[in-house]
Amino acid sequence: MNATLLILLSVAAPRGLMVELLRDPAHAVITDRQPELGWIVDDDRRGAVQSAYQILVGSSPGAGDLWDSGRRRSRQSTGVSYGGKALEAEHAYWWKVRTWDGDGKVGPYSEPQLFRTGRFGDDGRGFPQESRWVRLDDGEMVLENRQRSNYHERKAQTVETRPDGPTFVDFGKAVFATLRFVAEAPADASVMVYLGERRTPDGVDRNPGKTKIGFAQQPVAVKKGTAEYTVVLPRLHAPMPHSQVLPDHMLEVTPFRYAEIAPGAKVTHVRQVALLYPFDDDASSFASSDDKLDQVWGLCKHTLKATPFLAMYADGNRERMPYEADAFIQQLGHYAVDREFAVARATNQFLIHNPSWPTEWQMHAVLMAHADYWHSGDVEHLRASYDDLRAKSLIALARPDGLISTRTGLVTPEFLRSLHDAKLPLRDIVDWPPGHADPDGKGKAFGSTTPQGERDGFVFSPINTVVNAFHYRSLVAMEEFARALGKKADAGFFGKRAALVRATFNDKLFDGARGIYRDGEGVDHASLHANMFPLAFGLVPDARKASVVSLVKERGMACSVYGSQFLLEALFDAGEAEAALKLMTSEDKRSWLNMIRVGSTMTTEAWDETFKQNLTWNHAWGSAPANIVARKLMGVEPLTPGFETVRIRPQPASLTSAAVKVPTIRGPVEVAWRRDGAAFELTVALPANTRAEVWLPGEALTEGGVPIARAPGVRVRKSVASVGGGRYRFGGTLRL
């Protein structure tokens, strides 16, 4: 083996290539004339970095006839803009990349990746950046700028055929699917098929009551003899303004775990035909010393795998409509379990131009863009949507002291047009569902079974504490967007406005005598929501945190599955990890374990039918533990956009062991925790081309078995270690 070949073999080829955040761009089309490219630097050596890269783009797998970047000295491995000859619309291209390591050694090129362009420009689109279906030359139907979902056959876990009775099948977990089976019939017949998420002792639950738990029945005409049949379900058109409908070229699906096939033929080879968005099961993992927490995480991961079947985040099977708050929680969870970014961006783009009605949901569109930016590191979406995001911050509703209201005459037709819906019935929501005595008197119509609903008795007023907490968080995000885009004047404006809102918020909405936040200006009532949102969004000064945290802990899970996202964030950020862990592993009716106990295999729309009669069993806005475990309990969060630098700050509370694998755009981050009495061990594995600050919760610190001050590649200051890519094993004694 010659010296040149040895040098090549010392650096691995890049992997995990993406074009416009698409993992498989061959099965999509891209409408950006200068697409962004990215890859994972495959080097597990400690401190490994990329010092340079070279990209070839061509009309065939090995060519660089459109672009040869040459060797570019740069650590950039995400969001690299195409810089070659103009790409033609509706063409196929290939690209590959190689990298140089920190010592200047070059590695081999990656495997070439195919990508396709579509039509450029906005002609014929319902709104800018709309993603449409496109037929390729070979007949395949694909989507613009996002992957399509595909059908997968799933085998049954158990099949029970009763003499002269139905065939009953359990697939173990519910997915959005239809059914396929082989039938041997003595004569032509019509066989009834029942599909459902819930079972009874007799079979599929055919009477789910007022709930929207999945149930469908469909006759199948079978012919004499043996043949295979696929259940063709009627097309679902949900009666909502922005509901998503599967196109004609796709089979309709319904959520089900169980299937029951009535007598009439001998049935064999029964399979679910599941419609699933591309998902890498190996991209994430979690296991801990608490089996209950592991079950909850598994429930959430399956939910996040099964629910983006529309290639967009939607609210479950009843409405199939994207909502901003639902999508935001699903987005955070999706990032935590798979290296996937395109569906979140497409959903955010859709919702910016097709908003739903709640006041706070408008500002969730800003939070979605913020999460996109921090997880992808890409400013393209921010640049295209900046003016819309500014409007979604609702800054036009502000009075002179900075606080906003939807009830002071500022919600004009012109303002609503800035949100892209001149007829939007904008209303504050706080949480969902409302109680019987909600302002519109419609609580029962939305399935609520209690007077307070999920709002902890929140009292609405023109200056709403929850709405203004979201407004503050949106202003902070807008300041970051402006800085990222080089808009210095705007950044200064948003920074000053955020400071004004924070000061006014604490002056006019805080009850100094009780040490807690009131529901609104001129209101005495102080709900969980009026306190957990300010705590989660960084509005509470340190001197006030003790009393606010006390109320939040006392109220417990007095919120919906949506509100639990912010409750758990508030507790972890306040250092109350044990309280948060107890909520995630609770067995009360307001818990994820209750979802499992009643039989659901996906997170439910509400905690239980006791609280919302018309709930669904396939609603990803209940999947908060997926992202909370990754971001807060195990402490894996980006310190800079695109995970170039990472903070690892575990808060494992009473867990004696826990291990997580979190996908990022630069590769997986792995964190494992173990303790025995006061002794702890924290293992961290980082992808190349990243740096991390690792918060160490103890004294007498070691790394790799030696005193941390002598550990190679580790700098430590005040129990925070600074490290590059690679694997590290920290130990020490806990501060008890």
Side-chain angles (χ1 to χ4, degrees), residues 20-21 127-131 145-146 242 244 277 304 307-308 310-315 321-338 340-395 419-421 429 467 469-482 484-485 494 533 536-537 562-563 565-566 569 619-624 626-628 631 637-638 641-642 665:
E20 285 293 292
L21 302 177
F127 57 89
Q129 302 166 326
E130 180 187 19
S131 174
N145 305 316
R146 54 184 168 137
H242 304 308
Q244 303 299 293
Y277 189 81
L304 295 159
T307 50
L310 294 163
M312 183 177 288
Y313 299 148
D315 78 318
M321 173 178 165
Y323 285 94
E324 294 87 344
D326 308 51
F328 174 62
I329 296 171
Q330 187 167 3
Q331 171 188 20
L332 292 179
H334 208 167
Y335 290 157
V337 297
D338 199 9
E340 163 57 44
F341 310 95
V343 68
R345 179 170 291 184
T347 306
N348 192 198
Q349 290 167 339
F350 177 90
L351 285 165
I352 285 171
H353 296 277
N354 301 275
S356 62
W357 58 267
T359 305
E360 298 97 306
W361 276 210
Q362 312 308 307
M363 294 179 282
H364 273 87
V366 180
L367 301 190
M368 287 190 72
H370 186 262
D372 175 284
Y373 170 52
W374 277 84
H375 286 79
S376 72
D378 184 20
V379 299
E380 186 176 44
H381 178 40
L382 301 183
R383 184 175 291 111
S385 306
Y386 181 81
D387 290 339
D388 289 321
L389 293 169
R390 179 190 176 103
K392 297 286 183 178
S393 76
L394 305 190
I395 197 166
L419 302 181
H420 295 292
D421 191 339
I429 189 170
V467 166
F470 272 98
H471 181 54
Y472 169 77
R473 186 66 191 87
S474 298
L475 294 173
V476 172
M478 288 304 303
E479 180 187 4
E480 291 183 24
F481 298 165
L485 296 173
F494 284 118
F533 283 107
F537 293 156
Y562 151 72
Q565 170 70 41
F566 304 96
E569 287 209 34
H619 208 305
W621 86 334
S623 63
N627 79 80
I628 293 294
R631 296 171 51 239
E637 293 191 275
I665 196 166

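The figures that follow rest on heavy atoms only: side chains count, while hydrogens, waters and symmetry mates do not.
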side-chain contact (heavy atoms from CB on, under 4.5 Å) between Leu332 and Ile628, intermediate numbers included: CA-CA 9 Å; Leu332 292 179; Ile628 293 294; over 6 Å; no
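- Relative orientation of the Tyr562 and Trp621 rings is parallel, given thresholds of 30° and 60° on the angle between their planes.
- Taking 4.5 Å as the limit, every side-chain heavy atom of Ile352 sits out of range of all side-chain heavy atoms of Phe127.
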Kindly indicate, with the supporting measurements, whether the criterion side-chain contact (heavy atoms from CB on, under 4.5 Å) is fulfilled by Val343 and Arg146. CA-CA 6 Å; Val343 68; Arg146 54 184 168 137; 5.7 Å; no
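- When all heavy atoms of Leu304 and Ala626 are compared, the pair lying nearest together is CD1-CB, 3.6 Å.
- Checked against side-chain contact (heavy atoms from CB on, under 4.5 Å), Asp378 has the following partners two or more places apart in sequence or in another chain: Glu36, Arg345, Ser376, Glu380.
- The closest side-chain donor-acceptor pair between Gln331 and Thr347, if any, does not fall under 3.5 angstrom.
- Side-chain N or O atoms of Asp326 include none that pairs as donor or acceptor with a backbone N or O of Asp315 at under 3.5 Å.
- When atom types are taken as modelled, the side chain of Lys392 and the backbone of His364 share no donor-acceptor pair closer than 3.5 angstrom.
- In this model, a donor atom of one side chain and an acceptor atom of the other lie less than 3.5 Å apart for Gln565 and Asn627.
- With a 4.5 Å cut-off on side-chain heavy atoms, Phe341 and His381 do not count as touching.
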Leu367 and Met363: side-chain contact (heavy atoms from CB on, under 4.5 Å), yes or no, with the steps? CA-CA 7 Å; Leu367 301 190; Met363 294 179 282; 5.8 Å; no
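- Under the 30°/60° scheme for interplanar angles, the aromatic rings of Phe470 and Phe566 are found to stand perpendicular.
- In terms of heavy-atom proximity, Ile329 sits nearest to Ala620 at CG2-O, 4.2 Å.
- A tilted orientation is assigned to the rings of His420 and His353, their planes being inclined by 30° to 60°.
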Derivation of the side-chain contact (heavy atoms from CB on, under 4.5 Å) call for Val366 and Phe328: CA-CA 10 Å; Val366 180; Phe328 174 62; over 6 Å; no
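- Relative orientation of the His370 and Phe481 rings is tilted, given thresholds of 30° and 60° on the angle between their planes.
- Met312 and Ala346 get closest at one heavy-atom pair: CE-O, 4.4 Å.
- The heavy-atom pair separating Ile429 from Trp361 by the smallest distance is CG2-CZ3, 3.3 Å.
- Of the N and O atoms on the side chains of Glu340 and Tyr277, at least one donor lies less than 3.5 Å from an acceptor on the other residue.
- The two atoms that bring Gln244 and Leu310 nearest to each other are CB-CD1, 3.9 Å, heavy atoms only.
- The line from CZ of Phe537 to NE2 of His471 is 13.0 Å long, rounded to the nearest 0.5 Å.
- Using modelled atom types and a 3.5 Å distance limit, the side chains of Ser623 and Gln330 yield no donor-acceptor pair.
- Atom OH of residue Tyr373 and atom CG of residue Leu382 lie 7.0 Å apart, to the nearest 0.5 angstrom.
- With contacts defined as side-chain heavy-atom distances shorter than 4.5 Å, the pair Val467/Phe533 does not qualify.
- Between Trp374 and Glu637, every side-chain heavy-atom pair lies at or beyond the 4.5 Å cut-off.
- With hydrogens and angles disregarded, a donor-acceptor distance shorter than 3.5 Å links the side chain of Glu324 to the backbone of Ser356.
- Across all non-hydrogen atoms, the minimal contact from Ser385 to Gln129 is OG-OE1, 3.9 Å.
- No donor-acceptor distance shorter than 3.5 angstrom exists from the side chain of His375 to the backbone of Gly642, with no hydrogens or angles considered.
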